[in-house]
Amino acid sequence: MEDAKKGTVTSLASIFPAEEAQKAAKRVEDTIAEKEKELDRLRGFIADNNNLINLVQKLPEELHHDIMVPFGKAAFFPGRLIHTNEFLVLLGEGYYAERTSKQTTEILKRRGKSLDSQINSLEAIIEDHKAEASFFSATASEAAEGLVEIREDYEEENSGKGEFKSGILTDADKVKATADDEEFARMMSRLDELEKEELAAESGNHSDENEETTSDFDEISYQKPIDINLQNSEDTQQRITLEQINDKSIATEFPGECSYQEDISDQLNFASLALQSQTREGKSLAKNLKNLDATSEKSTTHLEEKMVQPTTASKSVVIQHQPSQPLFDRQKASTSSIVEHAGYAQRNSKEKNSTSSQVGCRTSEPSFDSSKAFTGSILEHAGNLQTREKNSTSSQVTGSQPSKPVSRFRMQRR
Amino acid sequence: MDDSCQEKIQKYEEFVDRRLKPDLVRAIAERDKVFEQQKVFSDLRRNIENLEKNSVTSLKTMVNLGSEVYLQAEVPDTRRIFVDIGLGFHVEFTWSEALNFITQREEKIKRQIEEYTQLIASIKAQIKLVLEGIRELLELPAEKSLPQHIF
C-alpha cells in the first residue's frame, strides 16, 4: 500500500497466474471425475438392490426353483432352491437374521434409502466441485484477459461518536480480553487439575476417610486461585463502573458487549472457583472435625484466614450464619454462607451501582449489612450471567456448583 | 552439455514413470488375478476331494442371492458337477474327471504365474537399468542407491 495513492492496483494475473488457475481447475475436474465414478458405482449398487428386491418378492411364489447351485467360484451343481420364504440376511459384523420375503424386502428397501441419501450427498459434492471448477476456469480466463483488481482502504468519515466508543471501551476491553485470556487459560488448566484432585480426593474419601494428605494439598492449592480471583474481580469491578457510565449515553448497542460478556463468563469461572475452593476447605474442615485431631484447629485457622483474604466481612458472615441455620453442622454452614454470600453481595452491588438489569434477583438472606466491593463483584458476575447469559455455564455455576459440595457432605456424613 | 544432459535425464525419468511403472503395475495385477484363479481351483479340488471322501451324494447349501441375502438350496445329486472351463463354458464332469481337469488347469495356471513373474522381474530390471543410467548421467557415486525408493 502506498501513501501517495489511495489504493492499490494489482493485475489478477499476478495473483492468480492463468496456468495455475487452469491447473487448479483441472485438478478439481479430476476430483469430479473421481466422484462421478463413485456415483456410478453407487448407482450400480442401487440397481442391484432393486433387482434383488424384485427377486426376493418373486421367489416365494413357488415352492422351489430349479437353479444351478454354485459350488465354489468355478463349479456348479444342478439343484433347486427350497424353503423359498426363508431368507438369511446379513445384518453386519457377521450377524445374520432369518427373515421372510416381506421382511427382507423391507430391509433391502431401507438399504436402498441409505444408498439414495449417499447418492444425494455425492451429487451435492459434485455440484460444489463443479462450481469451484467453473470459478477456477473463470479466474483463469479473467487472468488471461488481463483483469486488474483495485483495492482501496476504507476510511471512516465521521469519527466523533465512534471514536469515543472504540477509543475508550474497546481498547480497554481488548487489553482486558488478552489479559483475561491468559488468565483464563491458566485458570482452566488449574480447574482441570483441581477436578482431578477432587476425583482423587473423592475416591480417597470412600476408601479411607482419614486420609490427611489430600485435604492439606487442597488447602495449599486453593490459596492461589483466590488471590487471582481477587485481582480479576477488582479489574472487572472497575470496568463495570466504566461501562455503566457509558451505558447512560449508549444504552442499546454496546460495541464491546460481546467481549465483555465473554469476560464475564471467564470471571464467572473464577468466581465459581472461589466458591468451590472455599467449599472444599469446608470439606477438609469436615474431615478434620471427624478426626478430632489437632489438625482440625489448623484447618479452621486456614479456612478463616482465607475467608478473611477475599472479604473482610466473610468472617462475620460465617458467625452470623451459624445461628441462623442451626440444623447444619459447621462445615455445611460455612459452605452455605459462601453461597448465600453471593446473593447478598449481589444485593449489595445492586444498591451500589444501581443497575437493576445486570444484577440477578437471586434469593438472598437479608440479614447482612455491609461488604467489600470486590466480594460484591465476584458474585455480581454470577448475577450478571443469570440475567444476561442464560446458557449452560450460568446454570452450572450458580446452580450445581454450590449445591454439589453440599451433597457431597451429605454423602460423607452417611 | 548440461542442458542436453538434463533433457536426457528427464526423458529417462519419463520413460520410467510413464511406461515402465504402469507396465509393472499392470503385470502385477494380472499375476494377482491368476493367483486368485489358482486359489479357486485348489479350493474346488479340496471340496471335491472332501465330497469323495465322505461319499456325499446330496447336499444342502446356502446360495447367495446378492447383497449377502441367502436362501437354502438342495442338490439332489452331487456326482455330476459343472466346471467352468473358461470363455463362459461349463462342462459336466464326474468327480474323477473334474479332478483330472483341475490338475491340468492348475499346471497351466502355474505356468502362467511363472510367466508373469518373469515379466515382472524383467520390468523391474529395466527400471533399475534406466535408473542406473540416470545415476551415471548425474555422476553420482554408485553406492548412493537411487532406485531404492522405487521398490
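Chain letters run A, B, ... following the sequence lines, proteins first, then strands; residues in each count from 1.
- The local environment of CD in B:Glu92 is crowded, with over 12 non-hydrogen atoms from other residues, nucleotides or ligands closer than 6.0 Å.
- Shown here is B:Gln10, whose CD atom has no more than 12 heavy atoms of other residues, nucleotides or ligands within 6.0 Å.
- Counting heavy-atom pairs closer than 4.5 Å to chain B, the top-ranked of the candidates A:Gly72, A:Pro70, A:Ala74 is A:Ala74.
- Here the closest heavy-atom approach between residue B:Leu71 and residue A:His83 is recorded as CD1-O, 3.6 Å.
- Looking at A:Ile107, there are no atoms closer than 4.5 Å to chain B (heavy atoms on both sides), in backbone or side chain.
- Distance check, rounded to the nearest 0.5 Å: CZ of A:Phe77 to CG of B:Leu59 gives 6.5 Å.
- When side chains are defined from C-beta on, A:Met68 counts as touching B:Phe82, because their heavy atoms get closer than 4.5 Å.
- Taking the six-membered ring for Trp and the full ring otherwise, the centers of A:Tyr96 and B:Tyr70 sit less than 6.0 Å from each other.
- For the atom pair CG of A:Asn51 and CG of B:Leu65, the computed distance is 12.0 Å after rounding to the nearest 0.5 Å.
- Minimum heavy-atom separation, B:Val75 to A:Pro78: CG1-O, 3.6 Å.
- With a 4.5 Å cut-off on non-hydrogen atoms, B:Val63 touches chain A through its side chain but not through its backbone.
- Residue contact with chain B, scored on non-hydrogen atoms closer than 4.5 Å, involves the side chain of A:Leu52 exclusively.
- In this structure the side chain of B:Ile81 never reaches within 4.5 angstrom of the side chain of A:Phe76, judged on heavy atoms.
- The candidate from B:Gln37, B:Arg80, B:Arg79 with the greatest count of non-hydrogen atom pairs under 4.5 Å with chain A is B:Arg80.
- For the set A:Glu86, A:Arg99, A:Glu98, the entry with the most heavy-atom pairs within less than 4.5 Å of chain B is A:Glu86.
- Proximity to chain A (any heavy atom under 4.5 Å) is restricted, for B:Phe41, to the side chain, taken from C-beta onward.
- A distance of 8.5 Å separates CD in B:Glu74 from NE2 in A:His64, rounded to the nearest 0.5 Å.
- Only the side chain of A:Arg111 comes within contact range of chain B, judged by heavy atoms closer than 4.5 Å.
- When each of B:Asp84, B:Val83, B:Val69, B:Leu44 is scored by its heavy-atom pairs under 4.5 Å with chain A, the top score falls to B:Val69.
- Within the 4.5 angstrom heavy-atom criterion, only side-chain atoms of A:Leu55, from C-beta onward, approach chain B.
- Most heavy-atom pairs under 4.5 Å with chain A: of the set B:Lys60, B:Met62, B:Gln72, this distinction falls to B:Gln72.
- For B:Thr61, the part lying near chain A is the side chain, with the backbone staying farther off; criterion is any non-hydrogen pair under 4.5 Å.
- No donor-acceptor distance shorter than 3.5 angstrom exists from the side chain of A:Arg80 to the backbone of B:Pro76, with no hydrogens or angles considered.
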